[in-house]
**Q** 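Okay, handing you the structure first.
Keep in mind that what you see is a predicted model, and the values were worked out from it rather than measured. Heavy atoms only: backbone and side chains are in, while hydrogens, waters and symmetry mates are out.
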Amino acid sequence: MAGLQLQEGQSVQGLRWQVIFPFLFSWLCHSVSGQIHYSINEELRKGSIVGNLAKDLEINVKDLSKSNLRIVSNISEKYFSINTDSGNLYIADRIDRETLCRAAADCVLTFDVVVENPLNVFNVKINIQDINDNPPTFIADTIRIEMSESTSPGRRFLLQDAEDLDVGVNSLISYSLSENQYFALGEKVSTDGSVFPELILEKPLDRETQNKHELILTASDGGNPVQTGTALINIIINDINDNSPDVYKVSVRENIPVNSTILQVSASDEDEGVNAQITYSFRTTSNDILQTFTINPRNGEIKTKGQIDYEVSRFYEISVQAEDGGGLAAKAKVLIEIIDENDNAPEISITSSISIIPENSAPGSVVALINVHDLDSGENGEVQCIITESVPFELISASNFYKVLTKNSLDREKISSYNITIQASDKGSPEMTSRKVISLDISDVNDNAPVFEKLGYTAFIPENNSPGASIFSIRARDLDNVENAKITYSIMTRYDEDPLSSYISMNPVTGVIYAQRSFDYEKHKEFNIQIIARDNGSPSLNSSTTLRICIVDQNDNSPVILYPSSDTDSPSFEMVPWTSEQGSLVSKVVAVDADSGHNSCLSYFLQSPEPSLFTIDQHTGEIRTSRGFQEKDIMKHGIVVLVKDNGIPSRSSSVTLTMVIADHFHQFLPELSSQSNKEESQSNLQFYLVIALALISFFFMLTVIIAVVSKYKESKSSSFGSLSTSLYPQVNPRFISQFNPGTLPLPYPYDVCVTLDPSETEFAFLKPQHNVPVDSLIDADDSGIGNETLKNCTPVENLISQVSSDHYVQSVLLSIFYKISQNIGSKVFQT
């Protein structure tokens with residue numbers, strides 16, 4: 001009977017190296033780029049210490065709490081954990097190397113350790129060492145072989161090989177066969193280096209003697225301790241099948257549709273009938289293969305059963321068995337290589353980031369740490385990251401991470417927040433991209449001083465303002481915010497001049513300026529004050545501006561006449577030549593006003609109800625003659641000049657000028673002298689009146705007292721009777737008229753001699769002339785009465801003896817009173 005022959009054989013040895021090379025390259029890359037390397041055995045119990053990361057990263061244990069040390073990985077963080085108190089790296093879960101890496105020569109778990117404060121990233125590589133925890137396993141517990149009794153000794157029968165999930169020495173399998181007298185065990189090395197056990201017939205079989213043989217095939221690995229697996233070989237003496245296996249190799253793109261044909265294996269059998277009916281099957285226990293591929297048992301066509309994903313498995317090795325109806329089988333190996341398609345977009349994950357950064361951060365400050373990963377391989381997995389916007393940030397590659405750093409200085413007052421868009425693109429065809437947005441707020445620092453709208457301000461305040469009223473408001477603007485933008489206002493006081501605090505006050509919060517008291521334009525026409533605005537930042541910033549307060553004049557001052565001066569009591573005289581012509585300048589009134597502007601514009605007017613010989617210029621105050629003088633004009637003219645300002649309401653002052661019309665001063669001297677005496681008399685008038693009132697009061701009281709006393713004596717004495725005024729002759733009124741008006745209503749029977757000389761204050765009583773008739777007194781010439789001298793008068797002593805004492809006293813008193821009244825009256829008349 002002819003054996004089965006598998007076709008499309010290729011070099012298995014070369015294929016093996018092509019499969020192993022990507023794993024070796026990946027391991028080498030990690031070895032070069034890794035910063036920290038650990039090597040552990042698989043199957044370590046949970047909680048075992050791998051190493052001290054804090055020590056290896058040169059981080060002080062005291063700083064671990066604020067460093068926020070943590071693992072960043074999609075897979076490794078399941079198996080490892082970090083104690084943030086000690087910095088130790090622990091086993092967090094059971095690690096099965098065969099589950100993680102299958103038959104790969106190197107099994108390396110890599111992850112990144114992120115450290116904050118300062119932000120940094122370190123790569124950690126952990127090599128998972130294999131232990132001999134898997135025994136060799138045969139696909140089937142029983143191997144059935146049929147052979148003819150005519151089989152020649154030396155014939156080889158290929159047996160099913162055993163699988164060991166371990167790697168390295170632990171996966172090296174050796175076979176042994178239970179002792180028997182017909183068969184021996186041999187090995188066959190395939191083109192890919194795989195070792196298959198062979199059953200070798202050593203001596204002829206005799207079906208009649210023994211038609212069945214049962215042998216034990218033992219597979220042992222190279223581990224320590226050794227793990228073994230067994231299979232029962234059931235040999236039926238019948239016929240022989242000498243087909244030999246082959247190797248099939250095919251490349252398939254991932255994402256190939258399900259139920260797509262990958263390849264078709266074919267075996268040939270030269271036998272006939274039932275012995276030539278070949279059945280194909282997979283000889284494997286791998287669930288991944290059985291769930292992904294299926295084989296048609298009739299024609300050997302292999303199709304996809306599930307989705308093929310390069311990122312799940314990059315190649316498959318399938319053992320295919322072709323068995324004829326006579327029980328003879330041949331094996332072949334199918335190597336399926338998966339070709340990567342660019343079906344995965346890069347994945348961007350933010351490992352660590354800050355949401356707020358101060359605006360005064362130095363360029364190069366780390367803002368975020370980004371991990372970019374693409375499940376594809378080759379160019380499909382090569383990723384390039386960029387920042388799409390024009391922002392003051394840049395990306396720096398660090399191991400498997402990108403650092404987002406500040407590129408330029410930040411200014412919160414210009415831009416207070418950023419949305420940084422990170423775009424990751426691979427080099428596949430077609431290109432696949434992904435984006436991630438990082439939101440970042442800029443926190444304020446006090447880097448802006450308050451700014452006034454103007455470098456200088458001017459305020460116009462009327463004088464005589466109300467104390468305590470607001471006169472101006474000033475504001476500054478600070479571009480910072482919160483506390484840094486709170487502004488306090490103050491006035492800078494200079495001690496070399498009048499302190500402004502007595503005039504000005506300021507609200508430190510609102511910037512409103514108040515007047516402490518009323519302003520006086522005539523004292524202070526303006527103030528220049530410096531205002532400081534200081535923010536509440538730390539350190540505090542400030543700026544200043546100048547406020548010029550101009551006091552606006554009000555008409556609160558009357559004009560002051562400088563010439564002629566109105567301070568003296570004597571009138572002001574101006575000599576005007578008699579020969580002055582019309583329009584001649586004779587004098588000028590000079591006045592000033594302490595106010596300013598229109599309030600100080602003065603106008604001059606003459607106050608005269610009748611036409612005057614003089615005119616005055618309304619603007620200059622010059623006094624000129626209105627016409628030439630005539631003889632009928634009086635020599636002295638008194639004019640009143642009114643000076644008015646232009647304020648509202650208007651204020652005025654006046655002055656009186658005496659204009660004397662004369663060519664020479666001596667012409668006016670007599671009149672000037674009389675005028676002076678008159679003025680002197682007027683000044684003394686009040687003094688005389690006071691004295692006269694006092695004397696009159698005194699003598700009146702004295703007279704009353706004497707009269708009372710004399711009446712009292714008359715009542716006691718009988719020698720004196722009531723004196724009748726009819727005893728005395730009537731006095732001629734003309735005689736009385738020669739004297740100044742007096743107070744005596746009736747004449748007495750005595751002659752009185754009165755001198756009218758003001759320098760002499762004498763009087764005398766004369767005896768009555770009994771022999772003079774009244775008619776002669778009336779007709780007599782009275783021109784000489786007032787000129788009589790005292791030598792013709794009788795002495796007072798002789799008179800006293802001739803009259804009664806009371807009448808005499810009364811007469812004396814009345815005469816004295818009369819004399820005083822006469823003198824006072826003359827003084828009054830003279831004034």
Side-chain angles (χ1 to χ4, degrees), residues 456-472 498 500 502-504 513-529 547-576 580-627 637-659:
Y457 296 83
T458 302
F460 295 91
I461 310 300
E463 65 174 330
N464 305 320
N465 57 298
S466 300
S470 62
I471 59 175
F472 199 72
D498 191 10
L500 296 177
S502 62
Y503 291 91
I504 301 295
I513 300 173
Y514 300 90
Q516 293 289 90
R517 57 182 181 175
S518 295
F519 297 117
D520 188 354
Y521 175 83
E522 288 69 40
K523 292 183 178 180
H524 300 283
K525 292 181 172 55
E526 70 176 39
F527 294 98
N528 287 313
I529 61 175
L547 174 61
R548 180 183 173 214
I549 299 178
C550 297
I551 309 303
V552 179
D553 181 51
Q554 288 186 334
N555 193 27
D556 57 346
N557 290 279
S558 299
V560 176
I561 300 175
L562 301 179
Y563 181 84
S565 176
S566 60
D567 295 338
T568 60
D569 296 333
S570 60
S572 178
F573 294 93
E574 292 286 345
M575 183 71 67
V576 181
S580 297
E581 297 179 357
Q582 180 180 355
S584 298
L585 177 64
V586 296
S587 184
K588 181 177 182 178
V589 178
V590 179
V592 294
D593 197 319
D595 296 322
S596 66
H598 288 283
N599 298 328
S600 64
C601 292
L602 302 180
S603 300
Y604 301 85
F605 304 94
L606 289 179
Q607 284 188 327
S608 177
E610 297 178 358
S612 175
L613 295 177
F614 304 95
T615 61
I616 191 170
D617 189 283
Q618 183 178 352
H619 302 291
T620 64
E622 294 180 348
I623 300 177
R624 298 179 182 271
T625 58
S626 61
R627 61 178 176 83
H637 292 268
I639 62 175
V640 178
V641 177
L642 180 67
V643 182
K644 296 176 62 178
D645 59 26
N646 201 29
I648 299 177
S650 176
R651 291 178 175 267
S652 63
S653 299
S654 63
V655 67
T656 301
L657 286 86
T658 301
M659 296 295 182

**Q** Does any N or O in the side chain of Thr625 come within less than 3.5 Å of the main-chain N or O of Gly583, such that one atom is a donor and the other an acceptor?
**A**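 Side chain of Thr625 to backbone of Gly583, a donor-acceptor pair under 3.5 Å: yes, one is there.
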**Q** Side-chain atoms of residues 638-650: list all donor-acceptor pairs with protein atoms under 3.5 Å, sequence neighbours left out, distances to 0.1 Å.
**A**
from, atom 1, to, atom 2, distance (Å)
Asp645, OD1, Asn555, ND2, 3.2
Asp645, OD1, Gly647, N, 3.4
Asp645, OD1, Ser650, OG, 3.3
Asp645, OD1, Arg651, N, 2.8
Asp645, OD2, Asn555, ND2, 3.3
Ser650, OG, Asp645, O, 2.9

**Q** Mark yes or no for whether Asn465, through its side chain, and Phe519, through its backbone, hold a donor-acceptor pair below 3.5 Å.
**A**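 Looks like yes, one N/O pair under 3.5 Å.
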**Q** With under 30° as parallel and over 60° as perpendicular, where do the rings of Phe527 and Tyr503 fit, or are they tilted in between?
**A**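 Tilted.
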**Q** Output all residues satisfying side chain to side chain contact (heavy atoms under 4.5 Å, CB included) with Phe460, sequence neighbours left out; order by chain, then residue number.
**A**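 For Phe460, the residues satisfying side chain to side chain contact (heavy atoms under 4.5 Å, CB included) (neighbours in sequence not counted) are Thr458, Cys550, Val552.
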**Q** Write down the atom of Thr620, the atom of Tyr604, and the distance for their closest heavy-atom approach.
**A**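 Taking every non-hydrogen atom into account, C-CE1, 3.9 Å.
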**Q** Does any non-hydrogen side-chain atom of Gln618 lie less than 4.5 Å from one of Phe605?
**A**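 Sidechains of Gln618 and Phe605: in contact.
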**Q** Mind listing the closest non-hydrogen atom pair of Asp595 and Asn599 along with its distance?
**A**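 Reported closest heavy-atom pair: CB-CB, 3.5 Å.
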**Q** Given 3.5 Å as the limit, does a donor-acceptor pair link the side chain of Thr615 with the main chain of Ser626, or not?
**A**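 No.
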**Q** How close do His619 and Asp617 get, counting heavy atoms only, and between which atoms?
**A**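 For His619 versus Asp617, the nearest heavy atoms are N-OD1, 2.8 Å.
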**Q** Measure across Pro564 and Ile561 and return the closest heavy-atom pair with its distance rounded to 0.1 Å.
**A**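 The answer is O-CG2, 3.5 Å.
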**Q** Any chance you could measure Gln516, atom CD, to Ile504, atom CD1, to the nearest 0.5 Å?
**A**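 Taking CD in Gln516 and CD1 in Ile504, the distance rounds to 8.0 Å.
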**Q** Output the distance between atom CD1 (Ile471) and atom CD1 (Ile513), rounded to the nearest 0.5 Å.
**A**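 The CD1 atom of Ile513 is 6.0 Å from CD1 of Ile471, to the nearest 0.5 Å.
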**Q** Kindly write out the residues that satisfy side chain to side chain contact (heavy atoms under 4.5 Å, CB included) with Ser587, not counting sequence neighbours, or none if the list is empty.
**A**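 Side chain to side chain contact (heavy atoms under 4.5 Å, CB included) list for Ser587, sorted by chain: Tyr563, Glu574, Ile623, Leu657, Met659.
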**Q** Measure the spacing between CG of Asn557 and OG of Ser600 and express it to the nearest 0.5 Å.
**A**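 The distance works out to 10.5 Å.
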**Q** Tell me the closest heavy-atom pair linking Ser596 and Tyr521, and the distance in Å.
**A**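 Minimum heavy-atom separation between Ser596 and Tyr521: OG-OH, 2.8 Å.
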**Q** Supply the atom-to-atom distance Ile461 CD1 to Phe472 CZ, rounded to the nearest 0.5 angstrom.
**A**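 With rounding to 0.5 Å, CD1 (Ile461) is 8.0 Å from CZ (Phe472).
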**Q** Among residues at least two apart in sequence or on other chains, which ones pass salt bridge (Lys or Arg N to Asp or Glu O under 4.0 Å) with Glu581?
**A**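 For Glu581 there are no salt bridge (Lys or Arg N to Asp or Glu O under 4.0 Å) partners, ignoring immediate neighbours.
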**Q** Identify, with sequence neighbours excluded, every residue that meets salt bridge (Lys or Arg N to Asp or Glu O under 4.0 Å) alongside Glu522.
**A**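 Checked Glu522 against salt bridge (Lys or Arg N to Asp or Glu O under 4.0 Å); zero matches.
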**Q** Measuring from atom NE2 of His637 to atom OG of Ser612, what distance do you get when rounded to the nearest 0.5 angstrom?
**A**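 If we round to the nearest 0.5 Å, His637:NE2 and Ser612:OG are 7.0 Å apart.
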**Q** Rounded to the nearest 0.5 Å, what's the gap from CD on Glu463 to CD1 on Ile551? Could you check?
**A**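 The CD1 atom of Ile551 is 8.0 Å from CD of Glu463, to the nearest 0.5 Å.
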**Q** Could I get the full list of side chain to side chain contact (heavy atoms under 4.5 Å, CB included) partners for Lys588, not counting sequence neighbours?
**A**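 If we apply the side chain to side chain contact (heavy atoms under 4.5 Å, CB included) test to Lys588, skipping adjacent residues, the hits are Val590, Glu622.
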